[in-house]
Amino acid sequence: IAGITQAPTSQILAAGRRMTLRCTQDMRHNAMYWYRQDLGLGLRLIHYSNTAGTTGKGEVPDGYSVSRANTDDFPLTLASAVPSQTSVYFCASRMAGGSNYGYTFGSGTRLTVV
Amino acid sequence: AQSVTQLDSHVSVSEGTPVLLRCNYSSSYSPSLFWYVQHPNKGLQLLLKYTSAATLVKGINGFEAEFKKSETSFHLTKPSAHMSDAAEYFCVVTSGASDKIIFGKGTRLHILP
């Protein structure tokens with residue numbers, strides 16, 4: 001692994017189903033983030049974690065949950081998917097505690113809820 | 001409060017001509033500013049960043065940006081566009097005071113042959 005790995009790369013999901021998007025990084029970054037990207041809306045923050053064991057809500061957290069059991073992994077769970085959650089999801093990480101650090105992004109998960 | 005505005009949602013230039021992607025920001029504190037590029041069906045890649053050192057920042061692929069505090073701008077430029085530059089570009093502002101990160105809505109760059 002080099003950087004951030006997201007899985008799956010794409011998924012078609014029936015409405016009402018539960019789904020976990022996986023994100024793993026090997027850079028020992030302490031902060032991790034989940035964004036969704038929608039046409040015309042740019043990237044919107046769903047949830048974040050500044051360090052293992054802590055999480056916080058972003059701009060659009062409803063319908064999503066996260067956990068941060070360790071430094072490397074930051075899964076995003078949709079408990080009961082709805083069509084409005086059709087989007088491209090990006091996981092990102094960086095060293096927290098200083099705004100000088102840029103993000104490293106994963107390649108994204110394209111999710112379609114039907 | 002912080003905000004970032006990318007002034008153009010789409011920009012079209014001919015191959016070999018200069019590129020200008022505009023970004024204005026608002027920040028109560030000394031900001032750090034970034035430009036990211038996203039090629040189709042790919043993740044975002046860091047192009048360059050400004051973090052209170054030199055105001056003219058050089059990035060990858062021949063891009064550069066100049067931080068102008070008086071104009072609250074951080075426009076991205078390239079002297080000569082290449083077909084491979086066709087992508088979406090995001091301006092990002094952060095502030096050490098809040099560590100909050102704000103993305104612009106993106107500018108899609110089209111390169112005409």
Side-chain angles (χ1 to χ4, degrees), chain A residues 1-10 21 23-25 27 29-51 54 56-60 87-112, chain B residues 1-10 21 23 25 27-54 57 59-60 63 65 67 74 87-108:
Chain A
I1 298 177
I4 292 184
T5 301
Q6 289 186 237
T9 55
S10 66
L21 309 185
C23 174
T24 299
Q25 54 107 353
M27 299 168 287
H29 286 172
N30 42 8
M32 297 187 74
Y33 307 82
W34 275 104
Y35 287 89
R36 60 178 289 174
Q37 184 178 32
D38 303 287
L39 194 64
L41 298 175
L43 280 88
R44 293 180 293 169
L45 182 64
I46 305 170
H47 285 287
Y48 65 93
S49 168
N50 285 330
T51 190
T54 68
K57 294 182 179 180
E59 183 183 355
V60 287
S87 186
V88 181
Y89 291 85
F90 288 99
C91 180
S93 72
R94 69 174 189 150
M95 291 305 295
S99 62
N100 294 352
Y101 299 105
Y103 286 99
T104 298
F105 280 87
S107 296
T109 294
R110 185 174 296 275
L111 180 66
T112 302
Chain B
Q2 295 176 106
S3 67
V4 59
T5 302
Q6 291 183 242
L7 296 159
D8 306 293
S9 58
H10 293 265
L21 304 183
C23 173
Y25 71 91
S27 178
S28 303
Y29 303 93
S30 296
S32 293
L33 293 151
F34 306 80
W35 275 99
Y36 286 83
V37 60
Q38 184 181 29
H39 288 93
N41 300 312
K42 300 289 187 184
L44 282 78
Q45 180 186 16
L46 181 65
L47 267 181
L48 51 79
K49 64 180 180 179
Y50 164 78
T51 57
S52 77
V57 182
I60 62 172
F63 283 94
F67 173 71
F74 190 58
E88 188 148 21
Y89 293 79
F90 293 92
C91 184
V92 177
V93 62
T94 73
S95 167
S98 69
D99 212 28
K100 192 173 181 182
I101 300 156
I102 307 293
F103 279 81
K105 290 198 169 9
T107 297
R108 185 166 296 277

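We name chains A, B, ... by the order of the sequence lines, and we start the count at 1 in each one. Everything quoted here is computed from the prediction, not taken from an experiment.
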**Study point:** side chain to side chain contact (heavy atoms under 4.5 Å, CB included) partners of A:L39, counting only residues at least two apart
**Key:**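 Residues passing side chain to side chain contact (heavy atoms under 4.5 Å, CB included) with A:L39: none at all.
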**Study point:** Results of side-chain hydrogen bond (donor to acceptor under 3.5 Å, both in side chains) for A:Y103 - residues two or more places apart only
**Key:**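 Result, side-chain hydrogen bond (donor to acceptor under 3.5 Å, both in side chains) vs A:Y103: A:Y35.
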Point to revise | Contacting moiety of B:Q38, where chain A heavy atoms sit under 4.5 Å | key: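 Looking at B:Q38, just its side chain touches chain A.
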Practice item. Starting at OG1 of B:T94, measure out to CZ of A:R94 and round the result to the nearest 0.5 Å. Key: 5.5 Å
Point to revise | Pairwise side-chain contact, B:L44 with A:L43, heavy-atom cut-off 4.5 Å (strictly under) | key: yes
Exercise for review: Considering only heavy atoms and a distance below 4.5 Å, find which of A:Q37, A:E59, A:R44, A:R110 pairs most often with chain B.
Suggested key: A:Q37
